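Read through the structure below, which is laid out as structure tokens, and then see the notes.
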Amino acid sequence: MAQATLTVKLGAIAANWRALDRMSAPRVETAAVVKANAYGTGIRRTAARLAEEGARKFFIATADEGAELRQALGDGPEIYVFGGHMRGDATAITDLDLIPLLNSPQQFRRQKEAAPTARFGVQLDTGMNRLGLEPADWAVLRDEVTASNPALVMSHLACADEPDHAMNAQQLATFEDMTQGLQAPRSLSATGGILLGYEYHFDLTRPGIGLYAGAPFDDGTPAIDLEVPVVQVRDLDVGETVGYGNTWTAQRPTRIATLSIGYADGLPRASGAGGLLAFADGQACPVVGRVSMDLVTVDVTALTEAPESMSIICDDQPVDDIAEAAGTIGYEIFTSLGRRYQRRYPAA
Ligand SMILES: *Cc1c(COP(=O)(O)O)cnc(C)c1O
């Protein structure tokens, strides 16, 4: 079968969650961000494993994602929706017991009208200017919000992956200023903020990428492997070309393996020209020619035997290396992981 196999190591994900949990003080709770299908790994299995490990609070981007997550987790764990209370979300919020993070005065009104007794959190903008109540709106709403006992008051750092960036301290000061004297639990840090140290942790941290050992959590345990079947192997003479646009020409007799993966599976087209490799038994072989929609071509001349399959994501080439080859970030590689992959969850 020409289907690639994505192996998701739930034990590694659980170990990474524990490692991130250990990086903050014992009284700080560590949640899990599982938006975008748990960064491509499969929200049901990944979230269930994290709940088993002890995670009690989960974050997703939209109410739709919350519905799937509630099914996977059952009653009990808290599910927060970053996008807040959108029109049409009232049913999910009450029936599925989701907790919207209210980002604007409009969302606060909508919540009060549609689900007046339902729990909610508040997201504050401390300078990123993406989501959250502006300081001026917060000043107006703060007393009313506080009177309704928000489950969480949070904000998000724009530059946490750059520890020396002045924006980190600036947002920290703004967050402290905006939440001074508040009774509600507070949260500021995702993976990058956890690495910045205790003062950024408040009551709850929200790691996402670090659960899968993506940068900036460089000390994590890699959590995914991608093994891709070889569809065909052929031998080329000097001067023959490979793939769309004839971008690669054999300079010596060359053996080419064609693998069943392409940009439709989330392998970026740009990675082909960026030094992408494929591995057979740990031996590196260069991807040559253009990455096409469903296929890539690999120079396997150095191998004594043509392989039946090759590794694209493995310890020798983690997700961040593929991102670098493509000029992007690991987040984009994770969240693009193909729908055509067969996802395997071996017992850890
Ligand atoms: C995605 C997201 C996170 C998780 O961020 P990572 O960098 O993946 O750890 C946390 N908080 C908010 C608001 C987010 O959007």
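Just so it is clear, the model here is predicted, and its values are computed rather than measured. In each ligand, atom 1 is the first atom listed, and ligand 1 is the first ligand listed.
Between Asp89 and Arg110 no salt bridge is recorded (no basic side-chain N to carboxylate O distance below 4.0 Å). Comment: Glu29 does not engage Arg56 in a salt bridge, judged by the lack of any side-chain N to carboxylate O separation of less than 4.0 angstrom. Remark: Glu144 does not engage Lys112 in a salt bridge, criterion side-chain N to carboxylate O under 4.0 Å.
The part of His156 lying near ligand 1 is the side chain, judged by heavy-atom distances below 4.0 Å. Contact annotation for Met128 and ligand 1: no heavy atom of the residue comes within less than 4.0 Å of the ligand.
Shown in contact with Lys35 at under 4.0 Å from a heavy atom are these atoms of ligand 1, numbered in order with element: 1 (C), 2 (C), 3 (C), 14 (C), 15 (O). Near Tyr39, with a cut-off below 4.0 Å to any heavy atom, the atoms of ligand 1 are 1 (C), 4 (C), 5 (O), 6 (P), 8 (O). Applying the 4.0 Å criterion to heavy atoms of Pro207 picks out, from ligand 1, the atoms 9 (O). Shown in contact with Thr191 at under 4.0 Å from a heavy atom are these atoms of ligand 1, numbered in order with element: 6 (P), 9 (O).
If you check the side chains of Asn103 and Gln107, you find a donor sitting under 3.5 Å from an acceptor. Looking at Thr126 and Thr174, their side chains never bring a donor and an acceptor atom within 3.5 Å of each other. For the residue pair Gln232 and Arg234, a side-chain donor N or O sits within less than 3.5 Å of a side-chain acceptor on the partner.
Both tests pass for Arg45 against the ring of Tyr345: distance under 6.0 Å to the centre and angle within 45° of the axis.
Taking any N or O of Gly208, backbone or side chain, at least one lies under 3.5 Å from an N or O belonging to ligand 1. Between Ile209 and ligand 1, a contact under 3.5 Å exists for at least one N or O pair. Residue contacts with ligand 1: Gln123 is placed with no nitrogen or oxygen under 3.5 Å of a nitrogen or oxygen of the ligand (distance criterion only).
Ligand 1 has at least one atom lying under 4.0 Å from a heavy atom of Tyr331.
Atom CG of Asn129 has more than 12 heavy atoms from other residues, nucleotides or ligands within 6.0 Å.
Among protein heavy atoms, atom 5 (O) of ligand 1 sits closest to Ala190 CB, 3.3 Å.
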